[in-house]
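To start, I am sharing the structure in question, which I have written as structure tokens.
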Amino acid sequence: MEGPFDSFSGLDFDDIFANYTYEDYPSIDYATIPCSLVINGNWINITIAVVYSLVCFLAVTGNMVVMVVILYNCRTISSIDIYLLHLAVADLLFAVTLPFWAVDAISGWVFGDAMCKIISILQEVNFYSGILLLACISIGRYLAIVYSTQTHKQKRPFLINLVCAGVWVLAIILSLPVLYKAEYIPLYSSRIMCYEILEGESAETWRITARLWWQFIGFLIPLLVMIFCYSVTIQKLCRTKGFQKQKAMKVIIVVVLAFLICWLPYNITVFIDTLMRSKLIDETCDMRNHIDRALSATQILGFLHSCINPILYAFIGVKFRRNLVNLLAMKGVIKQSDESQYGKSVSSSSKPGVISTDH
């Protein structure tokens, strides 16, 4: 009985493959193989979810307190207080998105394409509105201190709110490219992500171009405006004999520095990612994984910003603390004696403003 391989016993395999070489087989171009995304370990994802939850609680609580204090003292509200009120609104809207990112860190994106776009746009709107509002504040301080410009008291709130409305519209427009984000399943993984999806060379080229323009318009220009305005303003203040105005500037300067510390690393990382996508920097799988990790880490730092401003007001803003104590005493949360004791420890000011004119 013949075995299954007996029919091959008389064949000369050397003759059969004599005319074949390794060049006859197509080689694998490993550079064209898509890189697989690196997924964090479970303990890292749990830590991120806890951080997001804590930031959400602090941001919602803190920014609501800021809004209540400013609105309660609306009769003495200043132009900068109006800007800071809009900044608190932006941080509050962003804070309500953090539970979605917390769930995403543990379970992946389970909320669908529509929510992926909405939550991502809220994140971008918070960033752009924040830096544009801070640029407006710097211009206001520059005009008030360097040129001693005063706007008519009745018209000022209307004009400032009109400027803020323009800021919101521009921030929304700058955030529209985020609509490219959608549900995505990485290579060698079943985890669904809310990720930027680009199909076709034209879409990728448009997205890269939009990114560069958007960073130029929505980050670099406002940053240069702030640097110029505060540089000239500080020089002007340093030439004055008193230090009253210098002390009044400290809250705004610290708020600007906090914004840059939180969002500048993320913006730089996005810029490097854009250069890689545009092929101006060689992209390898290692580089792609490093950039993805850096984007995640710097994004967390940016998320922390939504709860920082109220903390800064509480620790640095003397007038904000006084208004908050007065409000709590009036509502019966604290005793009237505590309010009086606090009032004696803080020198009063005749200048208007809830937060920005502390000294």
### Message
Using a strict threshold of under 4.0 Å (side-chain N to carboxylate O), is an ion pair present between D113 and K181?
### Response
no
### Query
Any chance the SGs on C194 and C116 are under 2.5 Å from each other?
yes
### Message
Looking at L93, is its backbone amide N or carbonyl O close enough to the side chain of T97 to form a donor-acceptor pair, meaning the two atoms are under 3.5 Å apart?
### Response
no
### Task
Say whether M115 and V96 are linked into one hydrophobic cluster, either directly or through other cluster members, by side-chain heavy-atom distances under 4.5 angstrom.
no
### Side-chain donor or acceptor of S175 paired with backbone N/O of V125 under 3.5 Å
yes
### Task
Would you tell me whether N161 and H86 have side-chain atoms, one donor and one acceptor, within less than 3.5 Å of each other?
yes
### Message
Closer than 3.5 angstrom, by distance alone: can the side chain of S107 be matched with the main-chain N or O of D104 as a donor-acceptor pair?
### Response
no
### Query
Do F127 and F94 have their ring centres less than 6.0 Å from each other?
no
### Query
How close do D81 and I70 get, heavy atom to heavy atom, and via which atoms?
O-CD1, 3.8 Å
### Query
Would you find a donor on one side and an acceptor on the other, under 3.5 Å apart, between the side chain of N326 and the backbone of R322?
yes
### Query
Ring centroid separation for F271 and F219, is it under 6.0 angstrom?
no
### Query
Would you say S306's side chain and F303's backbone share a donor-acceptor pair under 3.5 angstrom?
yes
### Message
On a heavy-atom basis, which atom in S138 and which in V225 lie closest, and how many Å separate them?
### Response
OG-CG1, 4.0 Å
### Query
What's the shortest heavy-atom distance between M276 and I291, and which atoms?
SD-CG1, 3.4 Å
### From CA spacing to verdict: side chain to side chain donor-acceptor pair (under 3.5 Å), N63, N309
CA-CA 8 Å; N63 285 291; N309 285 343; 5.9 Å; no
### Message
I'd like to know if the side chain of Q215 and the backbone of N267 have a donor-acceptor N/O pair within less than 3.5 Å.
### Response
yes
### Shared hydrophobic cluster, V256 / F228 (ILVMFWY, side-chain heavy atoms < 4.5 Å)
yes
### Query
In terms of the angle between their ring planes, are W213 and F216 parallel, tilted or perpendicular, with boundaries placed at 30° and 60°?
perpendicular
### Query
Is I300 close to Y52 at the side-chain level, that is, under 4.5 Å between some pair of heavy atoms?
yes
### N/O donor-acceptor pair under 3.5 Å between S120 side chain and K117 backbone
no
### Message
Quick one: does any side-chain atom of N73 pair with a main-chain N or O of V69 as donor and acceptor, under 3.5 Å?
### Response
yes
